[in-house]
Amino acid sequence: MSTLSAETGPEDVNNQSFWMPGNYHQTVKRTEDAFQACNDIVTCFQERARVERQYAQQLSEWSTKWKPLVDASPLYGSLLRAWQCFLSSADRLSSLHSSICRSLVSEDGDRIRTWQKETFHKKIFGGFKESQDFETGFSRAQKPWAKRLKKLEKAKSAFHKACRKEHMAREREAHAQGNPDIAIEKQRKIQEETELAHQETEKVRARYEKVLEEVTRYAPRYMEEMESIFDQSQEEERKRISFLKQAFLSIHRHLDITNNESVKAVYNELHNTLMSISDQEDLRWWKNTHGPGMPTDWPQFQEWTPDKKHKKGKKEVEQKAVVMERSVMIGGVRVRALYDYAGQETDELSFKAGEEFLKIEDEDDQGWCRGMMDGGKEGLYPANYVEVV
């Protein structure tokens with residue numbers, strides 16, 4: 001059990017101490033303060049949710065704006081893929097920050113609102129039931145104590161008043177003694193007044209001490225009742241603190257993207273793409289696509305043959321049309337596969353990394369070449385999956 005003044009100074013006891021009448025109101029007000037704090041927390045993180053949504057929108061707009069420009073840029077190969085990966089990473093991060101926005105509003109905000117509604121019960125004419133219960137409990141426990149303190153204060157004032165009166169009487173008596181100008185009868189009367197003042201002081205002192213004793217005897221009961229109500233208030237506050245701690249941890253979990261596996265995956269993929277930038281690979285691609293490595297139909301001596309005049313069949317015409325569409329290379333170019341490729345269509349080749357075959361047609365506008373395996377099978381394959389041997 002606490003003591004009244006052992007740990008506090010006189011000024012605190014008289015003006016700020018919890019034990020003094022009416023000073024429990026700050027504890028009662030704590031319920032309304034907690035309700036308002038919940039409102040402020042929800043509003044605060046709704047604003048943070050808007051920040052997340054705006055950031056997600058800006059990421060998406062940035063990626064959308066730059067994607068066609070990057071795709072049409074003069075970069076190529078692994079360097080181009082790295083630049084494009086920044087944009088695709090932004091799209092994925094945009095989705096992540098949109099989900100953070102939704103979590104802050106629909107999960108964390110709704111959770112606090114629901115708990116607030118279940119914990120704080122509003123009264124028809126204002127205030128909360130919890131606050132009124134604590135107010136009633138403290139008031140009932142403090143009412144007898146306040147009466148005794150009022151009675152004690154009255155007794156103390158009477159005692160101090162008597163002491164002042166006696167003090168003044170003694171000063172008059174001291175002034176009268178040895179003063180030839182004051183008659184003996186007058187001096188005797190002053191002495192009698194001093195004695196009466198002293199008797200009155202002793203009488204009032206006894207009454208003051210009696211009232212103080214009553215207050216002291218009642219103090220333990222008063223303290224016990226007040227602490228009982230206060231402990232109930234503390235328990236309610238403990239529940240509020242525990243809930244809001246969990247609410248803050250949930251908000252932190254949603255905002256802390258440093259431990260988010262999706263974010264780690266985005267940046268790991270971006271990092272791997274950047275690390276895969278290869279000057280040798282890009283330069284080789286450029287050489288084979290736009291440089292000396294490009295296949296060509298070198299001039300060769302051709303014998304003249306007279307035109308044969310005969311009616312062309314349908315099949316012959318179709319075959320000639322196919323030949324005209326294809327730029328066949330004389331002898332072909334030997335290439336080696338850089339990666340594994342599994343054909344997705346019947347007219348596509350399948351091969352393993354390191355396997356060699358002939359490239360018999362140049363790359364088309366879609367990035368495909370025609371090749372022929374050593375077994376004689378022909379088909380299409382991605383041009384950037386091979387290198388010239």
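Being a predicted model, the structure only gives us computed values, none of them experimental.
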Colleague: Are Lys189 and Glu185 close enough for a salt bridge, meaning some N to O gap below 4.0 Å?
Modeller: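 Here Lys189 does not pair with Glu185 in a salt bridge, since their nearest N and O are not under 4.0 Å apart.
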
Colleague: Does a side-chain N-to-carboxylate-O contact under 4.0 Å join Glu281 and Arg81?
Modeller: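 Salt bridge present between Glu281 and Arg81.
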
Colleague: Considering residues at least two apart in sequence or located in another chain, which fulfil the ring-ring contact (aromatic ring centres under 6.0 Å, His included) criterion with Phe45?
Modeller: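 If we apply the ring-ring contact (aromatic ring centres under 6.0 Å, His included) test to Phe45, skipping adjacent residues, there are no hits.
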
Colleague: Regarding Lys156 and Glu153, does a basic nitrogen lie under 4.0 Å from an acidic carboxylate oxygen?
Modeller: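 Looking at Glu153 together with Lys156, the answer is yes, because their closest N to O distance falls below 4.0 Å.
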
Colleague: Rounded to the nearest 0.5 Å, how far does SG of Cys101 lie from CD of Gln46?
Modeller: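 The CD atom of Gln46 sits 10.0 Å away from the SG atom of Cys101.
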
Colleague: Please list, chain by chain and in numerical order, all residues satisfying salt bridge (charged side-chain N to carboxylate O under 4.0 Å, His left out) with Glu261, sequence neighbours excluded.
Modeller: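 With neighbours one apart ignored, the set is Lys264.
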
Colleague: Which residues satisfy the side-chain contact (heavy atoms from CB on, under 4.5 Å) test with Leu80, sequence neighbours excluded?
Modeller: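 Listed in chain order: Val70, Ser73, Leu75, Gln84.
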
Colleague: Tyr267 and Leu93: side chain to side chain contact (heavy atoms under 4.5 Å, CB included), yes or no, with the steps?
Modeller: CA-CA 10 Å; Tyr267 284 107; Leu93 289 174; 3.2 Å; yes

Colleague: Check Gly109 against Val42 and note the closest heavy-atom contact, atom names and distance.
Modeller: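 Shortest heavy-atom contact: O-CG2, 4.2 Å.
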
Colleague: Got a second to check how far Glu173's CD is from Gln191's CD, nearest 0.5 Å?
Modeller: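 It comes to 5.0 Å.
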
Colleague: Quick one: hydrophobic cluster around Phe125, which other residues, with the 4.5 Å side-chain cut-off, linked directly or via members?
Modeller: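 Its cluster mates, by chain and number, are Ile124.
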
Colleague: Taking the basic N atoms (NZ, or NE/NH1/NH2) and the acidic carboxylate oxygens, is any pair closer than 4.0 Å for Glu355 and Lys352?
Modeller: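 Looking at Glu355 and Lys352, the cut-off is not met.
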
Colleague: What pair of heavy atoms forms the shortest contact from Phe351 to Ala337, and how long is it?
Modeller: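 Closest pair (atom of Phe351, atom of Ala337, distance): CD1-CB, 3.4 Å.
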
Colleague: Looking at residues at least two apart in the chain, or sitting in another chain, which of them share a salt bridge (charged side-chain N to carboxylate O under 4.0 Å, His left out) with Glu237?
Modeller: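 Scan of Glu237 (salt bridge (charged side-chain N to carboxylate O under 4.0 Å, His left out), adjacent residues dropped) gives Arg30, Arg240.
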
Colleague: So, using side-chain contact (heavy atoms from CB on, under 4.5 Å) as the criterion, who are the partners of Lys67 when residues are at least two apart?
Modeller: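 For Lys67 the side-chain contact (heavy atoms from CB on, under 4.5 Å) partners, ignoring immediate neighbours, are Asp71, Leu87.
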
Colleague: Keeping Glu130 on the side-chain end and His121 on the backbone end, is there a donor-acceptor pair under 3.5 Å?
Modeller: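 Judged by distance alone, yes, a pair lies under 3.5 Å.
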
Colleague: Could you walk me through whether Gln142 and Tyr24 pass the side-chain hydrogen bond (donor to acceptor under 3.5 Å, both in side chains) test, one step at a time?
Modeller: CA-CA 10 Å; Gln142 203 168 75; Tyr24 61 80; 5.0 Å; no

Colleague: Check the surroundings of atom CZ in Arg113: do more than 12 heavy atoms from other residues, nucleotides or ligands lie under 6.0 Å from it?
Modeller: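 For Arg113, atom CZ is crowded (more than 12 foreign heavy atoms under 6.0 Å).
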
Colleague: Between Leu358 and Val333, does the side chain to side chain contact (heavy atoms under 4.5 Å, CB included) criterion hold? Intermediate values first, please.
Modeller: CA-CA 5 Å; Leu358 284 177; Val333 178; over 6 Å; no

Colleague: If you measure only the distance, is there a donor-acceptor pair under 3.5 Å linking the side chains of Arg253 and Asn260?
Modeller: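 Arg253 vs Asn260: no donor-acceptor pair found between side chains.
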
Colleague: Give a yes or no on whether Met294 atom CE has more than 12 heavy-atom contacts from other residues, nucleotides or ligands under 6.0 Å away.
Modeller: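 Yes, enclosed.
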
Colleague: Other residues, nucleotides and ligands only: do more than 12 of their heavy atoms fall within 6.0 Å of NE2 on His252?
Modeller: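 Open: at most 12 neighbouring heavy atoms sit under 6.0 Å from NE2 of His252.
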
Colleague: Hydrophobic clusters join Ile, Leu, Val, Met, Phe, Trp and Tyr when side-chain heavy atoms are under 4.5 Å apart, directly or via other members; which others share one with Tyr76?
Modeller: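 Listed partners: Leu283, Trp285, Trp286.
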
Colleague: Calculate, to the nearest 0.5 Å, the distance between atoms CG and OG belonging to Leu255 and Ser103 respectively.
Modeller: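 Between atom CG of Leu255 and atom OG of Ser103 there are 9.5 Å.
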
Colleague: Quick check on His160: does its NE2 atom have over 12 non-hydrogen neighbours (other residues, nucleotides or ligands) under 6.0 Å away?
Modeller: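 Atom NE2 in His160 is packed in, count exceeds 12.
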
Colleague: Using only atom types and a distance under 3.5 Å, with no angle test, would you say the side chain of Ser89 pairs donor to acceptor with the backbone of Cys85?
Modeller: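 Yes; at least one donor-acceptor contact below 3.5 Å.
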
Colleague: Using a 3.5 Å distance criterion without hydrogens, assess whether the side chain of Ser99 forms a donor-acceptor pair with backbone atoms of Leu96.
Modeller: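 Pair found, side chain donor or acceptor close to backbone of Leu96.
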
Colleague: Could you walk me through whether Glu225 and Arg140 pass salt bridge (Lys or Arg N to Asp or Glu O under 4.0 Å), step by step?
Modeller: CA-CA 9 Å; Glu225 293 178 355; Arg140 185 180 294 115; over 6 Å; no

Colleague: Give a yes or no on whether a salt bridge exists between Arg170 and Glu166, defined as a side-chain N under 4.0 angstrom from a carboxylate O.
Modeller: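 Glu166 and Arg170: salt-bridged.
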
Colleague: Tell me whether Arg102 is salt-bridged to Glu107, with the criterion being a basic N under 4.0 Å from an acidic carboxylate O.
Modeller: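 Between Glu107 and Arg102 there is no salt bridge, as every charged N stays at least 4.0 Å from the carboxylate O atoms.
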
Colleague: Can you confirm whether His175 is buried at NE2, in the sense that more than 12 heavy atoms of other residues, nucleotides or ligands lie under 6.0 Å from that atom?
Modeller: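 Check fails, neighbour count at 12 or below.
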
Colleague: ring-ring contact (aromatic ring centres under 6.0 Å, His included) with Tyr208: which residues, sequence neighbours excluded?
Modeller: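 For Tyr208 the ring-ring contact (aromatic ring centres under 6.0 Å, His included) partners, ignoring immediate neighbours, are Phe159.
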
Colleague: Might you confirm whether atom NE2 of His25 has over 12 heavy atoms from other residues, nucleotides or ligands at distances under 6.0 Å?
Modeller: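 Yes, enclosed.
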
Colleague: Please round to the nearest 0.5 Å and tell me the distance separating atom SG of Cys369 and atom NZ of Lys359.
Modeller: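 Between Cys369 SG and Lys359 NZ, I get 4.0 Å after rounding to 0.5 Å.
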
Colleague: I'd like to know if Glu52 pairs up with Arg48 as an ion pair, taking the criterion as any Lys NZ or Arg NE/NH1/NH2 lying under 4.0 Å from an Asp or Glu carboxylate oxygen.
Modeller: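 Yes, Glu52 and Arg48 are salt-bridged.
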
Colleague: Can you tell if the side chain of Leu79 reaches within under 4.5 Å of the side chain of Trp83, non-hydrogen atoms only?
Modeller: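 Side-chain contact under 4.5 Å: no.
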
Colleague: Who passes side-chain contact (heavy atoms from CB on, under 4.5 Å) against Asp231, sequence neighbours left out?
Modeller: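 In terms of side-chain contact (heavy atoms from CB on, under 4.5 Å), with neighbours along the sequence ignored, Asp231 is linked to no residue.
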
Colleague: So Phe357 and Tyr381, ring pair (Phe, Tyr, Trp, His ring centres under 6.0 Å) or not? Walk me through it.
Modeller: CA-CA 11 Å; Phe357 54 90; Tyr381 65 89; 5.1 Å; yes

Colleague: Looking at Gln366, I'd like to know if its CD atom is crowded, meaning that more than 12 non-hydrogen atoms belonging to other residues, nucleotides or ligands lie closer than 6.0 Å.
Modeller: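 No.
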
Colleague: Please round to the nearest 0.5 Å and tell me the distance separating atom NZ of Lys165 and atom OG1 of Thr201.
Modeller: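 Result: 9.0 Å between the selected atoms.
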
Colleague: Under 4.0 Å between a side-chain nitrogen and a carboxylate oxygen: does that hold for Arg217 and Glu213?
Modeller: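 Between Glu213 and Arg217 there is a salt bridge, with a charged N closer than 4.0 Å to a carboxylate O.
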
Colleague: Measuring from Phe86:CZ to Trp66:CH2, what's the distance to the nearest 0.5 Å?
Modeller: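 Taking CZ in Phe86 and CH2 in Trp66, the distance rounds to 13.5 Å.
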
Colleague: Could you pull out all residues at least two apart from Phe120 that satisfy ring-ring contact (aromatic ring centres under 6.0 Å, His included)?
Modeller: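 Listed in chain order: Phe35, Trp115, Phe128.
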
Colleague: Under a 3.5 Å distance rule, please check whether Asn23 uses its side chain to pair with a backbone N or O of Ser17 as donor and acceptor.
Modeller: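 It does hold such a pair.
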
Colleague: Describe, in one word, how the ring planes of Phe138 and Phe18 are oriented to each other, choosing from parallel (under 30°), tilted (30 to 60°) and perpendicular (over 60°).
Modeller: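 Aromatic pair Phe138/Phe18 classed perpendicular.
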
Colleague: Who pairs with His254 by ring-ring contact (aromatic ring centres under 6.0 Å, His included), at least two apart in sequence or on another chain?
Modeller: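 His254 satisfies ring-ring contact (aromatic ring centres under 6.0 Å, His included) with no residue once adjacent residues are dropped.
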
Colleague: Do you know the tightest heavy-atom contact between Ser131 and Thr31?
Modeller: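 In terms of heavy atoms, the two residues are closest at OG-CB, 3.3 Å.
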
Colleague: Could you work out, with salt bridge (charged side-chain N to carboxylate O under 4.0 Å, His left out) as the rule, every residue matching Asp374, not counting sequence neighbours?
Modeller: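 If we apply the salt bridge (charged side-chain N to carboxylate O under 4.0 Å, His left out) test to Asp374, skipping adjacent residues, the hits are Arg334.
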
Colleague: Evaluate the criterion side chain to side chain contact (heavy atoms under 4.5 Å, CB included) for residue pair Thr136 and Asp133; output intermediate values, then yes/no.
Modeller: CA-CA 5 Å; Thr136 300; Asp133 290 345; 5.6 Å; no

Colleague: Run the side chain to side chain contact (heavy atoms under 4.5 Å, CB included) test on His97 and Ile100 for me, step by step, so that the C-alpha distance in whole Å, both residues' side-chain angles and the decisive distance to 0.1 Å come before the verdict.
Modeller: CA-CA 5 Å; His97 284 280; Ile100 292 177; 4.0 Å; yes

Colleague: Check whether any side-chain N or O of Ser94 sits under 3.5 Å from a backbone N or O of Ala56 as a donor-acceptor pair, and report yes or no.
Modeller: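 Yes; judged by distance alone, with no hydrogens or angles, the pair exists.
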
